[in-house]
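Residues take their numbers from the sequence shown, with the count starting at 1. Since the structure is predicted, the reported quantities are computational estimates derived from the model, not experimental observations.
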Amino acid sequence: AEYINGNFNVTMKITNEILLNARSFHDKIRAHTTEVYTLGAQHKLVEALGKGLSILKLLGETFPFSEPSKAHILLESMKTQRILSKKSDKDLILLPLMMDHSKLAAMSLLNILAFYTQLAGSKYTPLFCCRMVQLTVRFGLSPVSSFGFAGYGVMRCLLKDFAGAYWHGQVALKVLDKFKIVEWAPRTKTIVYGYINHWTVPLRHCLQGLKDASQLGMQTGDIEFSMVAANFYVRKLTLTSGPLKRVEKEILRLRQLMYDYKQETWIVVINIVLQYSHNMMGKSDNPVVLTGAALDQEATMALGQTTQNNTLFLRNIYLDRLVLAYTMNDYRLAHEMSIKSAAAQGSAAAFRFVVMLFYRGITALALHRDSCKRSYIKTAKRCLKKIKRISRQASANCLNKVLLIEAELASSRGRSSLALSKYKASIAVAESEDFLHEQALALECAGQSLQKFGQDSDSLEYLTQAFHCYKRWGAKAKTTQMLHRYPSLAEIVDPPVLLQ
């Protein structure tokens with residue numbers, strides 16, 4: 001109860017008392033596991049990992065105490081894949097139940113350590129996921145097995161085996177359904193809908209699963225994963241066509257829960273999203289600086305550089321500033337942020353990896369218009385190649401991005417007809433898949449391209465459509481900027497817009 005209420009100092013005192021008076025090995029293991037949870041909730045991730053590795057050793061599950069090498073990870077992955085190669089989803093669901101108490105305790109600990117090492121950007125995560133799957137096949141199913149299969153699905157995502165990842169994600173959900181134990185639903189659903197499903201299903205179809213995961217986490221006391229699911233949810237919500245006012249309302253609702261449960265790190269992370277939304281809505285002095293009512297950009301970056309959460313804070317700030325800078329046509333800043341965002345990226349299984357590639361590609365092409373440097377074309381082509389590969393299995397979420405980069409490439413080569421056909425295709429796909437912001441971007445890019453080729457009347461038509469897309473989204477900072485950037489646009493938009 002003290003842990004759930006965020007009273008971490010009290011929790012540690014109680015666990016120390018249990019350890020002093022424990023009569024059995026398993027009582028001690030439960031107390032040590034609570035210590036790991038408490039350290040992780042305070043984001044003392046390195047301490048949590050060290051404690052967890054020591055406990056796992058006591059339970060017969062050994063791991064290297066230094067960061068594992070790529071070769072070690074590859075060997076474990078191959079071993080796990082070999083174990084699973086002759087198993088159907090039905091075979092896995094019908095495995096006997098895990099009865100060994102030490103292995104059950106190890107599974108629970110591996111589950112939480114996999115999450116903490118993921119947050120810390122550690123290379124231990126794939127080892128922990130592989131071990132959970134291996135223990136399941138060898139000793140039987142447990143409720144934690146659902147998280148193990150989901151975690152292994154994330155590994156398949158990193159190998160670009162999106163079909164395999166989706167299959168493992170579905171196995172995870174079936175295991176969850178078999179046990180009917182709601183306590184494990186927040187973790188499994190967060191991984192499946194936060195990391196796996198967007199590679200095969202439309203992004204908007206992931207929202208309800210994440211919202212459910214967050215609510216279930218609050219109901220069951222799994223506060224940590226409730227917060228993770230909440231952040232995945234609002235991140236994905238900002239990418240779909242939901243008006244920014246609705247996004248803001250959802251963020252404020254979830255942020256209050258974070259305050260109630262003293263989840264300091266997640267408050268900072270969600271405040272970054274909130275400030276991004278405020279900037280787009282025109283609620284900040286400078287739309288490309290994440291400073292305002294919700295966040296102080298410089299203070300947050302300083303905090304990130306002095307804590308274990310540096311990549312968690314910084315990668316969100318860099319990516320949001322990249323999107324803001326490109327949207328506001330500040331391509332130099334966007335280029336700087338694209339480099340920093342690429343360097344600070346976390347898991348490539350998260351959808352932000354695609355977002356980063358997309359904006360880095362179109363930013364490079366925007367800079368090429370002014371400088372004609374071949375290096376920008378090379379950057380754009382590299383980004384396009386990577387997104388194209390992903391788009392083969394995730395076309396619903398990537399095709400409009402591929403088409404827009406191709407349109408900008410064609411425009412940079414002077415191929416106006418090809419460029420226009422690509423712009424139109426990108427606009428149509430973005431509209432059908434509910435990417436309102438990216439639909440507006442494609443319309444604006446088309447307008448700029450047509451303007452470059454001297455087709456002013458057609459250019460104005462596209463810019464006007466872009467203006468109204470941004471307006472529907474609620475991006476007042478952008479609509480205000482467009483009226484100044486394109487004087488002819490100000491003459492034809494509705495008078496109420498000008499008065500606003």
Side-chain angles (χ1 to χ4, degrees), residues 80-81 83-85 87-98 104 107-108 110-112 114-115 118 125-126 128-137 140-159 161-222 224-233 235-236 347 349-351 393-394 396-397:
T80 308
Q81 192 65 10
I83 290 170
L84 291 171
S85 61
K87 301 284 186 185
S88 67
D89 55 349
K90 188 176 180 180
D91 292 333
L92 294 171
I93 299 302
L94 294 176
L95 285 169
L97 298 184
M98 186 179 290
L104 286 166
M107 288 285 286
S108 294
L110 285 165
N111 150 65
I112 194 61
F115 168 57
Q118 176 69 22
T125 310
F128 294 152
C129 293
C130 285
R131 188 66 59 87
M132 280 189 276
V133 173
Q134 292 167 17
L135 289 174
T136 294
V137 175
L141 280 175
S142 80
V144 192
S145 300
S146 62
F147 186 86
F149 285 119
Y152 189 68
V154 175
M155 289 184 63
R156 302 314 300 174
C157 286
L158 298 175
L159 297 171
D161 176 18
F162 301 126
Y166 184 77
W167 184 84
H168 284 94
Q170 294 307 297
V171 169
L173 294 175
K174 288 174 183 176
V175 171
L176 193 64
D177 187 58
K178 176 176 179 173
F179 282 96
K180 309 286 185 192
I181 298 177
V182 73
E183 284 80 2
W184 289 101
R187 294 160 183 266
T188 302
K189 288 191 172 187
T190 297
I191 299 301
V192 171
Y193 294 106
Y195 282 110
I196 295 174
N197 278 17
H198 52 242
W199 301 116
T200 48
V201 303
L203 198 65
R204 61 185 182 278
H205 292 175
C206 300
L207 294 173
Q208 191 59 50
L210 289 167
K211 193 172 184 180
D212 291 345
S214 181
Q215 291 171 345
L216 285 168
M218 297 305 301
Q219 292 167 16
T220 60
D222 193 346
E224 191 82 33
F225 262 87
S226 176
M227 302 298 106
V228 179
N231 274 283
F232 270 127
Y233 171 65
R235 276 282 164 195
K236 284 180 165 59
S347 172
F351 195 71
Q393 296 179 72
N397 301 322

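- Panel note: side chain Lys178, backbone Ile93; a donor-acceptor pair is recorded below 3.5 Å.
- Atom SG of Cys206 and atom CZ of Arg235 lie 16.0 Å apart (nearest 0.5 Å).
- Legend: residues meeting ring-ring contact (aromatic ring centres under 6.0 Å, His included) with Tyr193, ordered by chain and number and at least two apart, are absent.
- Of all the heavy atoms in Met132 and Ala114, the pair that sits closest is CE-CB, 4.2 Å.
- Between Gly140 and Met98, the shortest heavy-atom distance links the atoms O-CE, 3.1 Å.
- For the pair Gly194 and Leu210, the tightest heavy-atom approach, listed with the atom from each and the gap, is N-CD2, 3.7 Å.
- Residues passing the side-chain hydrogen bond (donor to acceptor under 3.5 Å, both in side chains) test with His168, sequence neighbours excluded: none.
- Applying the salt bridge (charged side-chain N to carboxylate O under 4.0 Å, His left out) test to every pair with at least one member in residues 190-208, sequence neighbours left out, gives these pairs: Arg204-Glu433, Arg204-Asp434.
- With Ser214 contributing its side chain and Lys211 its backbone, the two residues share no donor-acceptor pair below 3.5 Å.
- Note that CD of Gln170 and CG of Asp177 are 11.5 Å apart. Values are rounded to the nearest 0.5 Å.
- A search for side-chain hydrogen bond (donor to acceptor under 3.5 Å, both in side chains) contacts involving Thr190 returns nothing, not counting sequence neighbours.
- Under a 3.5 Å cut-off, the side chain of Asn397 and the backbone N or O of His198 do form a donor-acceptor pair.
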Derivation and outcome, side-chain contact (heavy atoms from CB on, under 4.5 Å), residues Met107 and Leu135: CA-CA 8 Å; Met107 288 285 286; Leu135 289 174; 3.9 Å; yes
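- Thr188 is linked by a side chain to side chain contact (heavy atoms under 4.5 Å, CB included) to Ser146, Phe147, Ala150, Ala172, Leu173, Leu176, Val192, counting only residues two or more places apart in sequence or in another chain.
- With contacts defined as side-chain heavy-atom distances shorter than 4.5 Å, the pair Leu216/Val182 qualifies.
- With sequence neighbours excluded, the residues that form a side-chain hydrogen bond (donor to acceptor under 3.5 Å, both in side chains) with Gln208 are Asp212.
- Residues Gly148 and Val133 approach most closely at O-CG2, 3.6 Å, considering heavy atoms.
- With sequence neighbours left out, the side chain to side chain contact (heavy atoms under 4.5 Å, CB included) criterion links Ser88 to Lys90, Asp91.
- Residues forming a ring-ring contact (aromatic ring centres under 6.0 Å, His included) with Trp199 (at least two apart in sequence, or on another chain): Phe162.
- Contacts of Gln134 classified as side-chain hydrogen bond (donor to acceptor under 3.5 Å, both in side chains), with partners at least two apart in sequence or in another chain: Glu76, Thr80.
- By the ring-ring contact (aromatic ring centres under 6.0 Å, His included) test, Tyr166 pairs with no residue at all, sequence neighbours left out.
- Atom CG of Leu84 and atom OH of Tyr152 lie 6.0 Å apart (nearest 0.5 Å).
- Scored by the ring-ring contact (aromatic ring centres under 6.0 Å, His included) test, Phe179 finds no partners at all (sequence neighbours excluded).
- The NZ atom of Lys87 lies 11.5 Å from the OG1 atom of Thr136; values are rounded to the nearest 0.5 Å.
- Summarising the geometry, atom CG belonging to Leu94 is positioned 9.5 Å from atom CG belonging to Asp89; distances are rounded to the nearest 0.5 Å.
- With rounding to the nearest 0.5 angstrom, the CZ atom of Phe225 is 9.0 Å from the CZ atom of Phe232.
- When all heavy atoms of Val154 and Ala349 are compared, the closest pair comes out as CG1-CB, 3.7 Å.
- Applying the salt bridge (charged side-chain N to carboxylate O under 4.0 Å, His left out) test to every pair with at least one member in residues 181-198, sequence neighbours left out, gives these pairs: Arg187-Asp222.
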